[in-house]
Number of protein chains: 6
Amino acid sequence: MVLADDFHFSGLHIAGNTSNAVGSRVTPVTVAQLPGLNTLGISIVRVDYAPWGINPPHTHPRATEILTVLEGSLLVGFVTSNPENRLITKVLHKGDVFVFPVGLVHFQRNVGKWNAIAIAALSSQNPGVITIANTVFGSNPVIDSDILAKAFQVEKSTVEQLQSKF
Amino acid sequence: MVLADDFHFSGLHIAGNTSNAVGSRVTPVTVAQLPGLNTLGISIVRVDYAPWGINPPHTHPRATEILTVLEGSLLVGFVTSNPENRLITKVLHKGDVFVFPVGLVHFQRNVGKWNAIAIAALSSQNPGVITIANTVFGSNPVIDSDILAKAFQVEKSTVEQLQSKF
Amino acid sequence: MVLADDFHFSGLHIAGNTSNAVGSRVTPVTVAQLPGLNTLGISIVRVDYAPWGINPPHTHPRATEILTVLEGSLLVGFVTSNPENRLITKVLHKGDVFVFPVGLVHFQRNVGKWNAIAIAALSSQNPGVITIANTVFGSNPVIDSDILAKAFQVEKSTVEQLQSKF
Amino acid sequence: MVLADDFHFSGLHIAGNTSNAVGSRVTPVTVAQLPGLNTLGISIVRVDYAPWGINPPHTHPRATEILTVLEGSLLVGFVTSNPENRLITKVLHKGDVFVFPVGLVHFQRNVGKWNAIAIAALSSQNPGVITIANTVFGSNPVIDSDILAKAFQVEKSTVEQLQSKF
Amino acid sequence: MVLADDFHFSGLHIAGNTSNAVGSRVTPVTVAQLPGLNTLGISIVRVDYAPWGINPPHTHPRATEILTVLEGSLLVGFVTSNPENRLITKVLHKGDVFVFPVGLVHFQRNVGKWNAIAIAALSSQNPGVITIANTVFGSNPVIDSDILAKAFQVEKSTVEQLQSKF
Amino acid sequence: MVLADDFHFSGLHIAGNTSNAVGSRVTPVTVAQLPGLNTLGISIVRVDYAPWGINPPHTHPRATEILTVLEGSLLVGFVTSNPENRLITKVLHKGDVFVFPVGLVHFQRNVGKWNAIAIAALSSQNPGVITIANTVFGSNPVIDSDILAKAFQVEKSTVEQLQSKF
């Protein structure tokens, strides 16, 4: 028998800790945190940004995202697929809403002087997150540097420098 | 060619006017307000509540809803389908999240002393809203009072009194 | 190994007992009664109506309904979603077919002198039924009468009178 | 603006003319006959059977079917897919319900002494019908008899005899 | 924890044994052979054809097929649904691609002098195969010859001759 | 009226030109090249690899991929989503099949001495391709190097060096 607690999550008012390399923190509320979402096709996250913090380029393999700025100003962007690879950007302020279509690479950057906060909803109870830098240069085990050198058209040493960060 | 503005909506920081009979206001951001949502299966709304305001019992015929309290305290509830018709309720505070499964009757009530604010995401770009009272007693034209008298097991005069409010 | 009985249900020729407050009875054949329907996205019900009986306003949270009149005459109707709340009605006779789109509030009323019978198919093996009156005024526990008084814009005493019927 | 007539079809009480080679007639109510079904994922048909009439082996490429016997007695069956090709059959009487899963070959035969009638619902507004005999031996133009002779492991003359019937 | 082997299948370079009545062989790679396909909505098969071999008329109840000729020349065709039953055919050569829409009856025939090979992808991890001849004349148990005689408009003896082959 | 040519594409036997920076070439057969695929949820591509050529890390925002090696030997891999970012790899030989789940970053590399060829099917008629390097470092206009420097935790000069290649 379902209970109210199956449909409830607490704590999204708490600022995430942005003391990290990218200056942002995502607090997820997906089916892993809120079991009542199972089969219902939606979830939500809070994102905190330190001044100049970024939410680095990433994709959600199974969801579209709709983001609302609660506090601060964000530069947001996504890149269309091949062959255009067109960058679509917008500076958002408090109360602005922006859509990142399913599977496309997107990012946000705090362009204000203070902390910024956003709420983003995703069209899956289990959207998944693929942070491009971690996936490509920080996988476990690492992708062979020969492959990445050719993909990014740089020296292997540059790839290995990038890999050493993750 | 798509433009950034196709994916952008502005104004969700503005409090909705709650000077009405129920003391609440929904500001929607669906495909009607944000064309870039087309086919993407998600949308978002802001809800403002005056002290003691309610978002009256309603359903979304095509979407599950996940609601986050931004300010204040809300009593929220939904009723399960036949034959149980069990009422599931929870008092939510700032930062609490709650799920209303697709098609079920649900409501919110401000139980704090001040205005309350929520953001709710819906799993459709065109979720629809059916406010029970307006649909049942305020349709155009009205549903025959004989039918409603039998459905609600009251006198026709009681039904007509209810209908006169809408 | 599947057997013929997994795909078979018997008894839809038996008239439902309409000796109840609304003068109608629904006999369902969903995945609960017919396990072979699992994952197949369809189900069926028989509805019996006493003279002047009604199938009171209700919704199916997960299905569209297509109804066929086998015997008698029915007034049928559904109400469109906000903001129109337009009532669409039709008097149906034997052999008439009518569609109730997913999630919308709809009803039927026997407008003939004799019993009426309908067969209705639903686009889910588990469509769910939400009878508006029972859900709103007869949930367990009840919805606070303050909330319903505000939603229906009547005195609390009127709400309590309505609640006392369920 | 939608009208009641967009959701209405009339005439399913009229017996189909079964004076044909197979002794049955299907009267469809799909999106072609009832435009309001568009996108709603359901449709309905009436089937009439002369005594000893059959609804010959066929498939619906885009729908599961749930059939209810209104009058008479039917032998119904479907065949599971490769490699079992198991025939699942049942004799149905008035009020019996049977399911034919999406895409499987199925048939009905009147095994009573009088006319039989069934109502069948399908899980698509445009289910399609592929009558095996007509498709395989009566296509326009015909499938090369060499191909069919090999498929059915008979002489070309037998195939040509079969083709001559359609 | 998923392993590489969950996503891997080996052996599609091996020619299937076409020493059978129809002179063709299908080697499937569906979820039954490759568990990692589960829920992912795709599968693949290799088809080998002896000279003059055929892949006899069949349907996939849950998938569209896209076929690519790797070696040889094939006559391919499908038949549209009722009432047209139109045969659409094409002679394909190495490197040609052809689509068979979901649920429609289709076939291939080697029209070259040598063995032919095709790779076909299907839009389900569990597409199913219904070989018309085996299903209709070779089910277990058999469909009553009276039914098939009427469906194919031939003598029962012709039906029984057809059934004796399977 | 549909014609055979609507369902037909020619030319997949022709080797793609791999004289480019990555030593590979994808020849797509999606709805853009083959209109008959519309709404059918599948497509196919040929991939050619020069010796040591790679198909660089990329995702398909709307499709799972199933790849079959026709000639040569390929190292293939994909990376799971956050937080594991686990690299799953396999060396494939002629006749081997491998699955890349929807939206995950994946790649192939020719590890043989000669040209390699693969056929890959995708679970959408319009799967989309996002080549990570081009999207992140070669979009038009470019993503601000400050953002990428922080995302990849390198100097802006390293980012600008990477961007200068595209």
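Letters A, B, ... mirror the listed sequences (proteins, then strands); counts begin at 1.
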Top residue by heavy-atom pair count (under 4.5 Å) with chain C, among [options]?
options: D/Ala4, D/Gly95, D/Ala63; answer: D/Gly95
options: D/Ile88, D/Leu3, D/Leu40; answer: D/Leu40
options: D/Val102, D/Leu67, D/Leu37; answer: D/Leu37

Under 4.5 Å from any heavy atom of chain C, what part of [X] do you find: side chain, backbone, both or neither?
X: D/Phe100; value: neither
X: D/Val69; value: neither
X: D/Leu92; value: side chain

Between chain C and chain D, which N and O donor-acceptor pairs fall under 3.5 Å? A table would be great.
| unit_1 | atom_1 | unit_2 | atom_2 | d |
| --- | --- | --- | --- | --- |
| C/Val2 | O | D/Arg86 | NH1 | 3.2 |
| C/Val2 | O | D/Arg86 | NH2 | 2.9 |
| C/Asp5 | OD1 | D/Lys90 | NZ | 2.5 |
| C/Phe7 | O | D/Val99 | N | 3.0 |
| C/His8 | NE2 | D/Asp96 | OD2 | 3.2 |
| C/Phe9 | N | D/Val97 | O | 3.0 |
| C/Phe9 | O | D/Val97 | N | 2.7 |
| C/Ser10 | OG | D/Asp96 | OD1 | 2.9 |
| C/Gly11 | N | D/Gly95 | O | 3.2 |
| C/Leu12 | N | D/Gly95 | O | 2.7 |
| C/His13 | ND1 | D/Lys94 | O | 3.2 |
| C/Arg86 | NH1 | D/Val2 | O | 3.2 |
| C/Arg86 | NH2 | D/Val2 | O | 2.9 |
| C/Lys90 | NZ | D/Asp5 | OD1 | 2.5 |
| C/Lys94 | O | D/His13 | ND1 | 3.2 |
| C/Gly95 | O | D/Gly11 | N | 3.3 |
| C/Gly95 | O | D/Leu12 | N | 2.8 |
| C/Asp96 | OD1 | D/Ser10 | OG | 2.9 |
| C/Asp96 | OD2 | D/His8 | NE2 | 3.2 |
| C/Val97 | N | D/Phe9 | O | 2.7 |
| C/Val97 | O | D/Phe9 | N | 3.0 |
| C/Val99 | N | D/Phe7 | O | 3.0 |

Name the region of C/Val76, side chain, backbone, both or neither, that has any atom closer than 4.5 Å to a heavy atom of chain D. neither

Bottom line for C/Leu34: the part with an atom under 4.5 Å from chain D's heavy atoms is side chain

Going from CD1 on D/Ile119 to CD1 on C/Ile44, what distance comes out if it is rounded to the nearest 0.5 angstrom? 8.0 Å

Under a 4.5 Å heavy-atom cutoff, which of C/Leu12, C/Leu70, C/Val29 has the most pairs with chain D? C/Leu12

Which heavy atom of C/Leu122 sits nearest a heavy atom of D/Ile42, and at what distance? C-CD1, 3.3 Å

Can you classify the ring geometry of C/Phe78 versus D/Phe7 as parallel (below 30°), tilted (30 to 60°) or perpendicular (above 60°)? perpendicular

